[in-house]
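Read through the structure below, which is laid out as structure tokens, and then see the notes.
Predicted model only: the values in this text are computed from it and were never measured. First the proteins, then the strands, lettered A, B, ... as listed; each starts at 1.
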Amino acid sequence: GAVVSQHPSWVICKSGTSVKIECRSLDFQATTMFWYRQFPKQSLMLMATSNEGSKATYEQGVEKDKFLINHASLTLSTLTVTSAHPEDSSFYICSARDRSGSYEQYFGPGTRLTVT
Amino acid sequence: AQRVTQPEKLLSVFKGAPVELKCNYSYSGSPELFWYVQYSRQRLQLLLRHISRESIKGFTADLNKGETSFHLKKPFAQEEDSAMYYCALLSLSGTYKYIFGTGTRLKVLA
């Protein structure tokens, strides 16, 4: 149980275009989802927290207009990287927390974004 | 300030040797701490949480409030333990997010 999927697993886009990454909780309802960015051989950097039906809470230094987050349902959150630039190339990971009250996060497999 | 420190980026041990991955935290209040593991090309998965006081895959971790530490230990390392290990602190303010340490790569040598 408690599986989180991400789609796509790997995407290449041209500079200036936008790309959307989906995060789904497959077998549970997630009131809260988190988006992280992971640089090679480095730790996870929390970008934002999204709660179903409300605006995302962004961490300091993360551009809200560049990284658009939508959590439209209890099983789906999306991250859209707008006007992507090569420096946005990274590994993006989402996690989800279920409604049971436990604070454990279940992680997706990640999405590798390469901006050319 | 809320912070998690993992002082070692890389830890290499021989198979069968004891392992200790260090984690120190800074938190005002009663902390909730976790260890996550990321095997090569796999997603992060929960290894231990301090409130469970469990042993998973031979690993244990004890919360030491006096030393503000939550070190991960295993008496006899196995090659399959080679992975990236992250210590995480649950922040009980705001969004109840995790604060991750920078991670320690464990290499178990044959």
Check your understanding: Between Leu72(B) and Leu47(B), is any pair of side-chain heavy atoms under 4.5 Å apart?
Key -> yes
Practice item. Please state whether the side chain, the backbone, both or neither of Tyr86(B) comes within less than 4.5 Å of a heavy atom of chain A. Key: side chain
Exercise for review: Establish, yes or no, whether a centroid distance under 6.0 Å links the rings of Phe34(A) and Tyr98(B).
Suggested key: no
Exercise for review: Using atom types as modelled and distance alone, determine if a side-chain donor or acceptor of Ser89(A) lies under 3.5 Å from a backbone N or O of Val115(A).
Suggested key: yes
Practice item. Indicate the ring-plane relationship of Tyr92(A) and Phe67(A), choosing parallel, tilted or perpendicular according to the 30° and 60° boundaries. Key: tilted
Check your understanding: So which of Lys97(B), Arg43(B), Arg105(B), Arg49(B) has the largest heavy-atom pair count under 4.5 angstrom toward chain A?
Key -> Arg43(B)
Review point. Is there a side chain to side chain contact (heavy atoms under 4.5 Å, CB included) between Val19(A) and Leu113(A) once you walk through the steps?
Key: CA-CA 9 Å; Val19(A) 61; Leu113(A) 170 64; 3.8 Å; yes
Check your understanding: With only heavy atoms counted, which part of Leu44(B) is less than 4.5 Å from chain A, the side chain, the backbone, both or neither?
Key -> both
Exercise for review: Please look at Glu32(B) and chain A and tell me whether the side chain, the backbone, both or neither of the residue comes under 4.5 angstrom of a heavy atom of that chain.
Suggested key: side chain
**Study point:** Side chain, backbone, both or neither of Gln42(B) within contact of chain A (heavy atoms, under 4.5 Å)
**Key:** neither
Review point. Given a strict heavy-atom distance threshold of 4.5 Å, which part of Gln6(A) is in contact with chain B: side chain, backbone, both, or neither?
Key: neither
